[in-house]
**Q** 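Pasting in a structure now, in structure tokens, and then I'll have a few things to ask.
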2 protein chains.
Amino acid sequence: MTIRDVATRAGVSPATVSRVFSQPETVAPGTRQRVLTAAEELRYAPNPVARSLARRRTGNLGIVVPDIANSFSAMIIKAAQQEARHAEYALFVTASEELVDDEERQARALAPQVDGLLLTSPQASDACLRELADIVPVVVTNRLLDSVPAVLTESAQATGHAVEHLHALGHREVAYLAGPDGYSNQSRTSGLQAACARLGLEPVVLGPFPARFSSGVRAADLVLAAGVTAVVAFNDDIAAGLLTRFADRGVRVPEQISVVGHDDTALAEMVTPRLTTVHIPAAAAGATATQLLIRYVRGDDSGVRRYELPSELIVRGSTGPVTARST
Amino acid sequence: MTIRDVATRAGVSPATVSRVFSQPETVAPGTRQRVLTAAEELRYAPNPVARSLARRRTGNLGIVVPDIANSFSAMIIKAAQQEARHAEYALFVTASEELVDDEERQARALAPQVDGLLLTSPQASDACLRELADIVPVVVTNRLLDSVPAVLTESAQATGHAVEHLHALGHREVAYLAGPDGYSNQSRTSGLQAACARLGLEPVVLGPFPARFSSGVRAADLVLAAGVTAVVAFNDDIAAGLLTRFADRGVRVPEQISVVGHDDTALAEMVTPRLTTVHIPAAAAGATATQLLIRYVRGDDSGVRRYELPSELIVRGSTGPVTARST
DNA sequence: ATGAAAGCGCTAACAC
DNA sequence: GTGTTAGCGCTTTCAT
């Protein structure tokens with residue numbers, strides 16, 4: 001079922017059929033109707049592959065996330081998908097499973113089949129990313145790279161607020177559980193350090209840990225051994241792991257120890273007690289990055305090549321005042 | 001950078017270059033090397049779109065999931081991606097956000113760009129699915145449909161075991177929180193009903209509920225009002241919602257009420273207490289479905305067109321013996 | 001073992 | 001407004 005079959009049946013040229021499906025307004029209403037009818041009868045639909053080849057663009061966007069099972073990634077994907085659809089692009093998702101090699105492979109496989117590529121918190125080398133950016137328009141999130149447009153979720157300030165919050169509750173001994181190296185961890189760490197310096201606290205920094213639940217379970221005992229009254233975790237998964245292990249050891253949260261997460265994923269409201277956490281605007285980041293990518297692909301360059309999205313401390317049940325027993 | 005550039009540089013015909021990248025063994029080692037060198041120097045890589053058009057297959061597989069943020073979907077995707085890569089296919093993921101229209105749209109958009117399509121727990125009409133299956137090889141999970149190969153996660157037996165487990169713990173008043181209609185809910189409901197009948201119990205069936213955390217929060221009060229001592233939820237998200245609301249209302253689990261989930265997602269081990277749940281083999285389902293799809297696409301038809309994967313009750317901390325106060 | 005030539009299905013100038 | 005004519009970049013007979 002090709003454009004020629006439809007053309008023959010409608011008694012027009014293939015070009016006209018093509019126009020009906022690409023720029024309907026340029027063909028006379030009568031002809032258009034005849035073509036559409038013929039197409040309908042033949043159950044014809046344009047072949048997107050052939051179309052991509054001829055147009056030299058695919059109408060597809062690609063996104064590579066570190067881990068599809070991670071709900072932070074999921075929020076970004078959802079937002080990106082919505083923006084993409086809105087602009088009539090299809091979005092292809094692939095996951096790197098946190099492996100640098102996979103990430104590179106996925107990105108390279110995707111690159112020639114899409115008009116633009118969104119890399120979220122990429123781990124690949126600068127050189128590799130630049131090479132990709134030579135092949136296809138690339139936008140990254142949470143990664144600083146010359147000449148590649150980026151959307152950053154800046155959390156230094158909000159993480160600082162978390163420290164102030166703990167300080168106000170009377171906490172003087174605070175631990176930070178670092179995540180994998182990258183923009184996110186740096187932003188969180190620097191915000192925490194700065195606030196601590198301001199308040200005269202000396203944080204205990206542990207890690208780096210993989211950004212997973214199991215890391216939190218493991219870290220819980222280290223935190224307890226460190227003798228702190230409050231702990232700030234790189235993300236909610238780690239914080240949830242802490243909660244579980246604390247519960248197992250009979251340590252009450254927040255009475256005996258306060259816990260702060262990062263990301264404000266769905267998990268934060270699912271655990272007991274609900275997590276105080278730094279809300280990272282994942283959906284906004286996904287949407288902004290996708291819009292940026294689309295503008296980039298289309299050539300309507302807005303000039304802005306870097307967005308910093310602010311975060312916000314959300315106070316819930318996992319933080320509370322220091323009690324006598326805490327120390 | 002096309003095949004012709006490489007051909008010119010290597011002093012061979014375009015056909016030879018093509019062969020080097022498609023069937024290397026058919027070209028003399030010397031020539032092959034020259035071509036590869038030329039390609040390297042020109043940083044040439046075959047254009048997958050052109051290749052797809054000429055070969056009339058894309059080397060891509062597509063998967064449509066109801067909700068990318070759902071960790072059950074995530075497990076299936078991970079397994080599918082692994083199988084796909086193993087067979088040298090790229091996997092494109094799209095989500096329907098639980099909307100039937102979206103599902104249909106996503107599937108139709110994907111269909112002409114892939115060699116095969118995997119639809120997980122599809123909600124679309126039989127007619128729509130069959131239409132898709134006419135365009136492209138389709139495999140479904142958790143959906144029964146004539147002439148479309150399927151992988152089913154059968155849970156009637158394991159859900160029955162959950163009921164037996166509760167019965168053995170002394171529970172006589174049991175509620176079931178139904179999920180959205182479909183194969184999964186039917187399989188779970190029928191297993192539950194059968195076991196109850198066998199044991200002389202009369203379950204209170206509530207719902208259907210959307211398979212989300214918030215549904216569980218809402219359902220918790222209904223469950224309490226129903227006066228049961230145990231509740232089986234359609235999935236872990238709902239069960240987690242129950243746990244949270246019970247905690248808020250000061251109802252202790254499992255001392256005052258026992259909770260059973262379904263799926264055995266990561267969440268089941270993240271909540272307090274850890275969820276007793278029916279393990280559904282999501283990864284196995286994803287892997288099996290993908291293998292089936294690949295065989296189907298390749299034409300090596302094994303004859304088997306339907307797989308039923310068994311589930312298993314995992315006992316954890318959210319179920320316990322009935323106590324005097326329970327009733 | 002390699003090359004020439006004819007497409008794959010669609011688009012895009014350019015005519016008319 | 002519509003048709004003609006070249007491709008888009010690669011594969012694949014069919015010769016040689």
Side-chain angles (χ1 to χ4, degrees), chain A residues 1-39 42-60 88 90 108-109 111-115 135-136 298-299, chain B residues 1-39 42-60 88 90 108-109 111-115 135-136:
Chain A
M1 202 48 45
T2 84
I3 216 169
R4 311 192 77 90
D5 300 315
V6 179
T8 310
R9 190 170 231 279
V12 298
S13 79
T16 300
V17 179
S18 172
R19 287 188 190 102
V20 168
F21 286 96
S22 323
Q23 333 170 42
E25 65 284 358
T26 68
V27 27
T31 333
R32 189 193 311 160
Q33 197 46 59
R34 249 186 310 138
V35 170
L36 287 173
T37 308
L42 264 33
R43 324 195 82 252
Y44 164 86
N47 176 329
V49 175
R51 173 176 276 189
S52 298
L53 182 60
R55 282 187 175 162
R56 304 152 119 251
R57 56 198 170 76
T58 62
N60 297 329
E88 309 255 78
R108 283 187 191 284
Q113 316 207 43
V114 298
D115 298 337
I135 306 178
V136 67
R298 292 195 170 151
Chain B
M1 202 48 47
T2 84
I3 216 169
R4 311 191 78 91
D5 301 314
V6 179
T8 310
R9 189 168 232 278
V12 298
S13 79
T16 299
V17 178
S18 172
R19 288 190 188 100
V20 168
F21 285 96
S22 323
Q23 336 168 41
E25 65 284 359
T26 68
V27 26
T31 331
R32 188 194 313 162
Q33 197 46 57
R34 249 186 310 140
V35 170
L36 286 173
T37 308
L42 264 34
R43 322 197 82 252
Y44 163 85
N47 176 328
V49 175
R51 175 176 273 189
S52 298
L53 182 60
R55 282 188 175 159
R56 307 153 113 240
R57 57 200 169 74
T58 62
N60 297 331
E88 310 253 79
R108 283 186 191 283
Q113 315 206 45
V114 298
D115 297 338
I135 306 177
V136 67

**Q** Does B:T16 make a side-chain N or O approach to OP1 or OP2 of C:dG3 shorter than 4.0 Å?
**A**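 Yes, such a contact exists.
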
**Q** Identify the residue among A:T26, A:V6, A:V27 that makes a side chain to side chain contact (heavy atoms under 4.5 Å, CB included) with A:T16.
**A**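 So the option named by the test is A:V27.
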
**Q** Using every non-hydrogen atom in the two residues, find where B:A7 and B:P14 come nearest and quote the distance to one decimal.
**A**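 That would be CB-N, 3.6 Å.
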
**Q** Reading DNA chain D 5' to 3', which nucleotide is the first, and which the last, to come under 4.0 Å of any heavy atom in chain B?
**A**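 Going 5' to 3' along DNA chain D, contacts run D:dG9 to D:dT13.
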
**Q** How many angstroms lie between atom CZ of B:R32 and atom CD of B:E25, to the nearest 0.5 angstrom?
**A**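 Reported value, rounded in 0.5 Å steps: 7.5 Å.
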
**Q** Count the heavy atoms belonging to other residues, nucleotides or ligands that lie under 6.0 Å from CZ of B:R57, then report whether that count exceeds 12.
**A**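 No, the 6.0 Å shell around CZ holds no more than 12 heavy atoms from other groups.
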
**Q** Can you give me the closest heavy-atom contact between A:P46 and A:P48, atom names plus distance?
**A**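 Closest pair (atom of A:P46, atom of A:P48, distance): O-CD, 3.2 Å.
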
**Q** Could you check A:D5, A:T37, A:T8 and say which one makes a side chain to side chain contact (heavy atoms under 4.5 Å, CB included) with A:L42?
**A**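 The side chain to side chain contact (heavy atoms under 4.5 Å, CB included) with A:L42 is passed solely by A:D5 among A:D5, A:T37, A:T8.
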
**Q** Hey, which of these two, A:P29 or A:R4, hits DNA chain D nearer its 5' end, going by closest nucleotide?
**A**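 Comparing both residues, the 5'-ward one is A:P29.
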
**Q** For DNA chain D, what residues of residues 47-54 of chain B have any heavy atom nearer than 4.0 Å?
**A**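 Here the set is B:N47, B:A50, B:R51, B:A54.
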
**Q** Look up atom OG in A:S52 and atom CD in A:Q113, then write down how far apart they are to the nearest 0.5 Å.
**A**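 If I round to the nearest 0.5 Å, the distance is 9.5 Å.
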
**Q** So does A:S18 get a side-chain nitrogen or oxygen closer than 4.0 Å to the phosphate oxygens (OP1/OP2) of C:dT11?
**A**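 Answer is yes, contact under 4.0 Å.
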
**Q** To the nearest Å, how far apart are A:R57 CZ and C:dA12 P?
**A**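 Going from CZ in A:R57 over to P in C:dA12 covers 7 Å.
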
**Q** Contact class for A:V12 vs. all strands (heavy atom < 4.0 Å): base, sugar-phosphate, or nothing?
**A**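 The answer is sugar-phosphate, as A:V12 gets under 4.0 Å only of primed atoms, P, OP1 or OP2.
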
**Q** Below the 4.0 Å mark, does C:dA12 have OP1 or OP2 next to a side-chain nitrogen or oxygen of A:R19?
**A**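 So the side chain of A:R19 is outside the cut-off, no N or O lying under 4.0 Å from OP1 or OP2 of C:dA12.
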
**Q** Supply the atom-to-atom distance A:R56 CZ to B:N47 CG, rounded to the nearest 0.5 angstrom.
**A**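 Between atom CZ of A:R56 and atom CG of B:N47 there are 9.5 Å.
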
**Q** Would you find more than 12 non-hydrogen atoms of other residues, nucleotides or ligands less than 6.0 Å from A:E88 atom CD?
**A**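 Check fails, neighbour count at 12 or below.
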
**Q** Map B:G11 and A:Q23 onto DNA chain C by nearest heavy atom, then report which one ends up closer to the 5' terminus.
**A**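 Its nearest nucleotide being more 5', the pick is B:G11.
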
**Q** Reckon A:A28 touches a base, only the sugar-phosphate, or nothing at all at heavy-atom distances under 4.0 Å?
**A**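 Sugar-phosphate only.
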
